Amino acid sequence: MEEDTGVLPRKDDFSQWYNEILWRAEIMDVRYPVKGLYVWYPHGFAVRKRAYGILRDLMDRDHAETMFPLLIPETEFMKEATHIKGFEDEVYWVTHGGRNELDVPLALRPTSETAIYPMYSLWIRSHTDLPLKLYQVVNTFRYETKHTRPLIRLREITSFKEAHTVHATREEAAAQVEVALGLYREFYDSLRVPVIVSRRPAWDKFPGADYTIAVDTVMPDGKTLQIGTVHMLGDHFSRTYDITYEDANGEQQYVYQTCYGISERSIAAVISVHGDDRGLVLPPEVAPIEVVIVPIIVGKRRDEVLSAASALEEEFRKAGFAVKLDAREMRPGAKYYHWEMRGVPLRIEVGPRDIDANTVVAVTRSGKKTTLDRRGVVEGVCSILALFGEELSQTARQAMAGRITVAATLEETAAAVKNGVAVVHWCGSQECAEKIEAAVDASIIGSDIRSDLIAVSDGPCVACGGNGTSALVARTY
RNA sequence: GGGGCAGUAGGGUAGCCUGGUCCAUCCUAGAGCGUUUGGGACGCUUUGACGGCAGUUCGAAUCUGCCCUGCCCCA
């Protein structure tokens, strides 16, 4: 007997599952012949489009969208020392125009600080120009030497949403960090992806930042995935790029800056957190098709069923749903599997029995079956989808909660990180961090934890016994 | 960064060590025709490949070299 799950590996085998679902659900094609660059299938890109629509709407509340060039002259790129150190090993350089060598090599942006800030220096004159909050959604390039992986570790990040804000004071900039974190929380709430927010250790912060606060989620194999970062840049870059404003007293002052970003790792998170053995499970908010209508065509009532299905489609379309009528010449079961693999949240079935009874059958991606009265079907579907989204949030949240373990000893920590995230007490020293990391084969990913799933407390450092406070230890992507 | 395994049609595999035929093979793959359709339909016909570049050879999926790509494990 063939298994009904088809050929998708079980999600328990997460790595295999992830590799396969990407092409079976038509998210990414890995066969592009350059390492670390992958192709978005239209369906994957449609998910991206909706997710980034949400992100843009959030940013547009008080940021303006812009677009800076991909190429950065070496002379600008090399100005900020710590920033360069963080990126120089993974920068692609354009050295030729045609056959001629360029006088000044051009970097493909690994991130855009060095492209944007020289322009900020020109644009910002007075305190009335502040605050300035811009963002762009662009591709960036990093010559990754580690194992590349679609959507997760890329040489071309195709979907980097980066925001760059400028403020008159350090306090304002610090406040903006909190605003950004709030936006990112909202974004991931919409994607139904639970997150943990924490401050990265000093050695793991963004090159050139005062501090970095990261947004992580936990993948099904227990490793954490960083899916957003917010950086307090202080005045490091403004001193390097000479970004100053004239204050109310007529004095020149350096500005304070922040930057923060989200990439297509957000899509990897949606896929991985919600997907199951049958394929993708998409929250209605990001599903390119929210409702698929499958007509149950039986012999002589074919035309009758098809026109009933078309009428339904039209009704959903008018109500604003992303709806698809699947009128292909296939058996209904084959269509169910097809759309389940692609993550469609709700399937509507209409057949002769429904026409006779004046009903339709609605089945969610989680398998919940409801018979709806044909009249008021749109309202019925609305509430089913809203509930389905809520359930995704709850399920994902519980799954993440189950992967967080408080650990009091190194042995407990080592056991905890095999399943997910360990919460330990840590004194904050790099020496102890290294001890812990060596002992448990995982990394300190952050302290100053902000998560309603984690109670923060003080206690003896798990490595040295000195005064410590809660920190996260995990294996990471 | 280190190590290993692998690339054969849309997908999965055999063949390779030991070079050669008339034909690879399976599929939830493609095209066509017919009968079907409330959880992956069936029959018949048919299409299509050896990752790339060079080399050895009368002849290369198979041998040699280089390159590219993917996956797994370790740092």
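It should be emphasised that the depicted structure is a prediction, and the values quoted were computed from it without experimental measurement.
In this structure, Leu22(A) places its CG atom 20 Å from P of G10(B), rounding to the nearest Å. Rounding to whole angstrom units, NZ of residue Lys368(A) and C1' of G39(B) are separated by 20 Å. Atom-to-atom, OH of Tyr337(A) to C1' of A41(B) comes out at 14 Å; the value is rounded to the nearest Å. The OH atom of Tyr32(A) sits 16 Å away from the C1' atom of G70(B) (whole-angstrom rounding). Taking atom CE on Met330(A) and atom P on G38(B), their separation rounds to 12 Å, with Å as the unit. Separating the NZ atom of Lys146(A) from the P atom of C72(B) is a distance of 15 Å, rounded to the nearest angstrom. The interatomic distance linking Ile297(A) (CD1) with G39(B) (P) rounds to 14 Å, in whole Å. Taking atom CD1 on Ile296(A) and atom P on G40(B), their separation rounds to 11 Å, with Å as the unit.
If you check U69(B), G1(B), C72(B) against the side chain of Thr145(A), the one that comes closest is G1(B). Out of A41(B), U36(B), G38(B), the shortest distance to the side chain of Ala334(A) is found at A41(B). Taking every side-chain heavy atom of Arg302(A) into account, U37(B) is the closest of G39(B), C72(B), U37(B).
No side-chain donor from either of Gln226(A) and Thr476(A) sits under 3.5 Å from a side-chain acceptor of the other. A donor and an acceptor atom, one from each side chain of Glu264(A) and Thr158(A), are located under 3.5 Å apart. Between the side chains of His164(A) and Tyr117(A), a donor-acceptor pair is found at a separation under 3.5 Å.
For G10(B), the paired base is C27(B) (Watson-Crick or G-U wobble, both distances below 3.5 Å). Of the nucleotides present, C33(B) is the one that pairs with G43(B) by Watson-Crick or G-U wobble criteria, both distances under 3.5 Å. Partner assigned to G1(B) is C74(B), using Watson-Crick or G-U wobble distances below 3.5 angstrom. Under the Watson-Crick or G-U wobble criterion, with both distances below 3.5 Å, A60(B) has no partner in any strand shown. Across all strands shown, C16(B) remains unpaired; no Watson-Crick or G-U wobble contact has both distances below 3.5 Å. Pairing partner, G38(B): none, since no Watson-Crick or wobble contact has both distances short of 3.5 Å.
Comparing the C1' positions of G20(B) and U36(B) gives a spacing of 47 Å, expressed to the nearest Å. With both ends at atom P, the span from G30(B) to U69(B) equals 30 Å, rounded to whole Å. Atom name P, nucleotides U13(B) and C71(B): the rounded distance is 15 Å, in whole Å. Separating the P atom of A61(B) from that of A49(B) is a span of 13 Å, rounded to the nearest Å. Of the C1' atoms belonging to G48(B) and G11(B), the separation is 13 Å, rounded to the nearest Å. Here the separation of C66(B) from U62(B), taken at their P atoms, is 16 Å to the nearest Å. The C1' atoms of G65(B) and C72(B) are separated by 26 Å, rounded to the nearest whole Å. Here, U45(B) and A54(B) have their P atoms 41 Å apart, quoted to the whole Å.
Using a 4.0 Å cut-off between charged nitrogen and carboxylate oxygen, Arg155(A) and Glu144(A) do not count as a salt-bridge pair. Salt bridge absent: Arg24(A) and Glu340(A) never bring a charged side-chain N and a carboxylate O closer than 4.0 Å.
Between Arg331(A) and G38(B) there is a side-chain polar atom (N or O) within less than 4.0 angstrom of OP1 or OP2. The side chain of His338(A) places no N or O atom within less than 4.0 Å of a non-bridging phosphate oxygen (OP1 or OP2) of G40(B). A sub-4.0 Å separation between OP1 or OP2 of C72(B) and a side-chain N or O of Arg149(A) is present.
In this structure a side-chain-to-backbone donor-acceptor pair under 3.5 Å is present from Asp276(A) to Gly279(A). With Arg50(A) contributing its side chain and Pro284(A) its backbone, the two residues share a donor-acceptor pair below 3.5 Å. At distances below 3.5 Å, at least one donor-acceptor pair connects side-chain atoms of Arg109(A) with backbone N or O atoms of Asn139(A).
Across all strands shown, Tyr38(A) has heavy atoms under 4.0 Å from sugar-phosphate atoms exclusively, and none from any base. Nucleic acid contact class of Gly36(A) (heavy atoms, under 4.0 Å, all strands): sugar-phosphate only. Here Asp354(A) lies in heavy-atom contact (under 4.0 Å) with a base. Using a 4.0 Å heavy-atom distance criterion, Gln16(A) is classed as making no nucleic acid contact. When heavy atoms are screened at a 4.0 angstrom cut-off, Glu437(A) is found touching no nucleic acid atom at all. Val361(A) comes within 4.0 angstrom of a base, heavy atoms only. Within the 4.0 angstrom heavy-atom criterion, base atoms lie near Arg347(A).
Residue side chain Glu340(A) reaches the base of G39(B) through a donor-acceptor N/O pair under 3.5 Å, judged by distance alone. The base of G7(B) lies outside donor-acceptor range of the side chain of Arg31(A), with no N or O pair under 3.5 Å.
Comparing Asp441(A) and Trp23(A) by the nucleotide of RNA chain B whose heavy atom lies nearest to each, the residue mapping closer to the 5' end is Trp23(A).
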